[in-house]
Trainee: 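What follows is a single structure, and I will ask about it in a moment.
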Amino acid sequence: MKLPSSVKNWLSITGALLALFNLASILSLTILNYFFGFGGSYIGLFIFIVLPGFMVIGLILIPVGMRINRNKAKRAKRQGKVLSWPIIDFNNTATRNASIIFVIGSVFLLIISSIGSYEAFHYTESVEFCGKLCHQVMEPEYTTYHGSSHERVACVECHVGSGASWYVKSKLSGLYQVYSVLAKKYPQPIPTPIANLRPAQETCEQCHWPDKFYDRKLRIKHSFLSDEENTERIIKLQIKTSNKIVGGIIEKGIHQHISPDVKIEYKTSTDNRQIIPWVRYTNLKTGETEIYTDAENMLSKAQLDSLETRSMDCLDCHNRPSHNYNAPQNFIDESLAEGKISKTLPSIKLVAMLALNQEYPDKDSAFEAIEAQVTEWYESSYPEVFENRKADINNAVAEIQNGYANNIFPFMKVNWKEYPNNIGHMESDGCYRCHNDRHANESGKVISKDCNLCHNILAQGTKDSMQYANSFTPLVFEHPADIGDAWETELCTMCHTALY
C-alpha cells in the first residue's frame with residue numbers, strides 16, 4: 001500500500017508509533033483484565049482514559065506532521081529539491097543521542113502523565129470532589145452523608161462500585177452533571193436516580209448479604225408530645241430482622257423479603273416507587289406463586305403489562321441508606337432525648353414545630369425566623385422563663401437551627417417530604433406500600449398490616465407509668481392521643497405526614 005509522500009517526516013512517524021504502541025497496550029491490557037483479572041478495578045483507568053488519550057495525541061500528530069511536511073515539500077519543489085524519508089543512522093553519534101533522548105523522554109512523559117491521571121482519578125472518586133465541587137447543589141447529599149452510618153464508605157463504593165464499565169458510565173453521566181451545574185439546568189430538588197442505580201447485589205451485598213444471620217434488634221424510641229410539659233413517651237420495640245423458631249414454628253422476620261428461598265416482584269405506577277398496585281410472591285422451593293393487587297389502585301391488564309416488573313432487593317426498603325432527611329418531629333425528639341434541648345422548657349416541642357413547619361426562602365431567613373419565633377414565644381407567654389433561663393432558650397434556638405441545617409435545604413427545595421424513607425411507616429407509607437390490608441389475591445388473602453409482623457412492643461408509656469410485656473405476649477400499641485381504633489384502620493401517614 002503506497003503512502004502519501006507527506007508522511008515522510010519525524011512528527012507523523014512519531015505520532016504513528018505512539019498511536020500503535022498505545023493501541024497494542026489497550027488490547028493487551030483488555031485481554032489480560034478480561035481473562036485473567038489483571039490490574040483489578042483500577043485498570044479501567046488506563047484502558048479507557050490514559051492510554052486512549054496518548055493514542056489520540058499520536059493520531060493528531062500524524063496529520064499535523066503531514067501538513068507541515070506538505071508545506072515544506074511545496075517550498076522544496078519551488079527550489080528544485082525532493083523530500084525523502086528521514087535517514088536513521090545509528091552509526092551517527094547525533095542520531096544515537098537524539099534517539100536515546102526521545103525514547104527516555106517519551107517513557108518519562110508517559111509515566112508522569114499516568115501518575116497525574118491516576119491522582120486525578122482518585123480525586124474525582126473522593127467524597128470531597130462529590131460533595132464540595134458543586135457546593136450548593138450537592139450540599140444536601142454531602143451534609144446527610146456525614147450524618148449517616150455509611151460516613152466512612154466513599155460515595156463511589158455505592159454509586160459506582162468496582163469495574164471499568166460502571167466507572168465509564170459514571171464519568172459520562174458526570175460530564176452532563178457538570179454541564180447542568182454550569183448552565184444552571186439542574187432540577188430542584190434533584191430526583192433520586194432510582195432507575196439508573198447499580199443493582200444492590202453488586203454494591204450493598206459486597207458488605208451485607210442475604211445469607212448472613214442478623215439477630216433481632218432492640219429499638220428504644222423517645223417521643224415528646226406538643227404540650228406544656230413536653231410529655232415524654234417511651235416505646236421499646238423488638239425489631240424482627242431475622243427468622244426465629246417459636247414453639248417449633250418458624251416466625252418469619254423482615255429479611256425474609258430477600259431470602260434465597262423467596263422471590264418477591266412488584267410493579268409500581270410512580271417514578272419514586274411509592275404506589276405499588278401489583279405484587280407477586282414466589283416460593284422458590286415449592287414453585288408456589290401468589291399475585292396480590294391493590295383494591296384502591298386497580299390497573300387494567302394492559303396498564304400492568306406496560307409496567308416494569310421489579311424483583312425486590314435491599315434498596316426497596318433501605319432507600320435512604322446514606323442521605324436520610326429527618327422530619328422535624330424526629331430530629332427535635334432526638335435532641336430532647338439526648339439533653340441537647342432542655343425538656344423542662346415549657347412547650348419547647350410545640351414552639352420548635354411551629355417554627356420548623358414553615359417554608360423559608362433560604363437558610364439565613366430560616367435561622368432568623370427560628371430565633372425570633374422562639375424568643376418571642378417565651379417573652380410573651382413565659383416572661384419569667386424568658387428572664388431566668390436565657391441560656392437554655394439560646395441553646396434550644398441553636399439546636400433547632402442545627403437540626404434545620406442538617407435536614408432541610410431551601411435552595412435545592414429538599415426536605416423529608418421530597419425524599420421519603422421507606423424504613424417504617426410514620427411520615428411516609430414505607431412498609432404500608434404493600435402491607436396495608438388492601439393487597440389481596442384471588443382467594444381473598446391479604447398482605448397484612450399487623451404490627452407484630454415486623455416488631456413486638458416490649459414496653460411503652462411514660463417514665464412514671466410504663467407497661468411491660470411478659471415473655472411470650474407483646475403489648476398492644478396505645479396511641480398517645482385518644483383516637484379510638486383509628487390507628488388500627490388508618491395508615492399512620494394520614495396524620496403524621498403533617499402532624500407531630
Side-chain angles (χ1 to χ4, degrees), residues 139-141 143-148 188-189 219-235 274 319-320 323-378 381 392-430 479-481 491-500:
E139 182 188 10
E141 286 76 17
T143 301
T144 50
Y145 162 80
H146 280 295
S148 75
Q188 295 169 284
R219 186 187 178 200
I220 303 175
K221 170 71 174 173
H222 296 259
S223 302
F224 295 83
L225 302 185
S226 299
D227 55 17
E228 187 175 45
E229 294 78 24
N230 307 305
T231 302
E232 182 178 8
R233 300 243 347 151
I234 303 169
I235 187 167
Q274 292 303 301
N319 66 318
R320 310 303 312 171
H323 306 294
N324 184 34
Y325 302 90
N326 285 306
Q329 52 265 40
N330 292 335
F331 63 75
I332 291 299
D333 280 346
E334 187 176 328
S335 294
L336 285 164
E338 294 176 358
K340 295 177 180 178
I341 297 177
S342 175
K343 292 180 282 189
T344 59
L345 277 175
S347 300
I348 186 60
K349 174 69 181 290
L350 175 61
V351 68
M353 292 300 99
L354 292 174
L356 290 168
N357 275 277
Q358 300 178 42
E359 291 189 6
Y360 301 103
D362 52 56
K363 188 182 294 184
D364 290 339
S365 300
F367 276 30
E368 291 175 7
I370 290 169
E371 182 177 13
Q373 290 178 45
V374 174
T375 302
E376 289 171 8
W377 173 274
Y378 285 103
S381 302
D392 287 339
I393 294 172
N394 291 337
N395 184 66
V397 167
E399 188 60 26
I400 295 169
Q401 291 172 336
N402 183 59
Y404 182 96
N406 287 322
N407 294 281
I408 303 171
F409 303 86
F411 176 78
M412 290 301 296
K413 297 180 173 58
V414 168
N415 56 42
W416 74 100
K417 295 177 184 177
E418 296 297 336
Y419 297 118
N421 191 332
N422 291 336
I423 294 291
H425 49 77
M426 294 294 286
E427 289 78 35
S428 58
D429 283 343
H479 198 280
L491 302 186
C492 302
T493 49
M494 291 288 291
C495 296
H496 286 273
T497 295
L499 297 180
Y500 39 81

Trainee: Look up atom CZ in Phe331 and atom CD1 in Ile400, then write down how far apart they are to the nearest 0.5 Å.
Mentor: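 The CZ atom of Phe331 sits 8.5 Å away from the CD1 atom of Ile400.
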Trainee: Can you tell if the side chain of Asp333 reaches within under 4.5 Å of the side chain of Lys349, non-hydrogen atoms only?
Mentor: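 Yes, side chains in contact.
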Trainee: Does the side chain of Pro480 come within less than 4.5 Å of Leu225's, by heavy atoms?
Mentor: yes
Trainee: Any chance you could measure Ile341, atom CD1, to Lys343, atom NZ, to the nearest 0.5 Å?
Mentor: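 Answer for the CD1-NZ pair, Ile341 versus Lys343, is 12.0 Å.
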Trainee: With the side chain counted from C-beta on, respond yes when Thr344 and Glu229 share a heavy-atom pair under 4.5 Å apart, and no when they do not.
Mentor: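 With C-beta onward as the side chain, the pair stays apart.
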Trainee: Is any side-chain heavy atom of Glu139 closer than 4.5 Å to one of Lys363?
Mentor: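 Yes, their side chains come closer than 4.5 Å.
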Trainee: Using a distance-only test with no angle check, is there a side-chain donor-acceptor pair under 3.5 angstrom linking Ser335 and Glu399?
Mentor: yes
Trainee: Would you tabulate the side-chain donor-acceptor contacts of residues 405-415 under 3.5 Å, counting partners in other chains and residues two or more places apart, or write 'none'?
Mentor:
residue: Asn406; atom: ND2; partner: Asn402; partner atom: O; Å: 3.2
residue: Asn406; atom: ND2; partner: Asn402; partner atom: OD1; Å: 3.4
residue: Asn407; atom: OD1; partner: Asn326; partner atom: N; Å: 3.0
residue: Asn407; atom: ND2; partner: Gly403; partner atom: O; Å: 2.9
residue: Asn415; atom: OD1; partner: Lys417; partner atom: N; Å: 2.9
residue: Asn415; atom: OD1; partner: Glu418; partner atom: N; Å: 3.2

Trainee: Short question: side chain of Asn230, backbone of Ile348 - any donor-acceptor pair under 3.5 Å?
Mentor: yes
Trainee: Could you tell me whether the side chain of Gln274 reaches within less than 4.5 Å of the side chain of Pro420, counting heavy atoms only?
Mentor: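 Side-chain contact under 4.5 Å: yes.
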Trainee: Can you give the donor-acceptor pairs under 3.5 Å from side chains of residues 366-376 to other protein atoms, not counting sequence neighbours?
Mentor:
residue: Gln373; atom: OE1; partner: Gln358; partner atom: NE2; Å: 2.9
residue: Gln373; atom: NE2; partner: Tyr360; partner atom: OH; Å: 3.3
residue: Thr375; atom: OG1; partner: Glu371; partner atom: O; Å: 2.7

Trainee: Under 3.5 Å, is there a donor-acceptor pair linking the side chains of Asp392 and Ser342?
Mentor: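 Judged by distance alone, the side chains do not pair up.
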Trainee: Is any side-chain heavy atom of Thr493 closer than 4.5 Å to a side-chain heavy atom of Met426?
Mentor: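 They are not in side-chain contact.
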Trainee: So, does Tyr419 use its side chain to make a donor-acceptor pair with the main chain of Pro189 at under 3.5 Å?
Mentor: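 Here the side-chain-to-backbone pair does not exist.
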Trainee: Do Tyr378 and Leu345 touch side chain to side chain, with heavy atoms closer than 4.5 Å?
Mentor: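 Yes; the side chains approach each other to less than 4.5 Å.
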Trainee: Check whether Thr144 reaches the backbone of Glu141 with its side chain - one donor and one acceptor, N or O, closer than 3.5 Å.
Mentor: yes
Trainee: Say you draw a straight line from CZ of Phe224 to CD of Glu334; how long is it, rounded to the nearest 0.5 Å?
Mentor: 11.0 Å
Trainee: Between Ser223 and Lys221, is any pair of side-chain heavy atoms under 4.5 Å apart?
Mentor: yes
Trainee: Going through the distances and angles, do Tyr325 and Arg320 end up as a side-chain contact (heavy atoms from CB on, under 4.5 Å)?
Mentor: CA-CA 8 Å; Tyr325 302 90; Arg320 310 303 312 171; 3.6 Å; yes
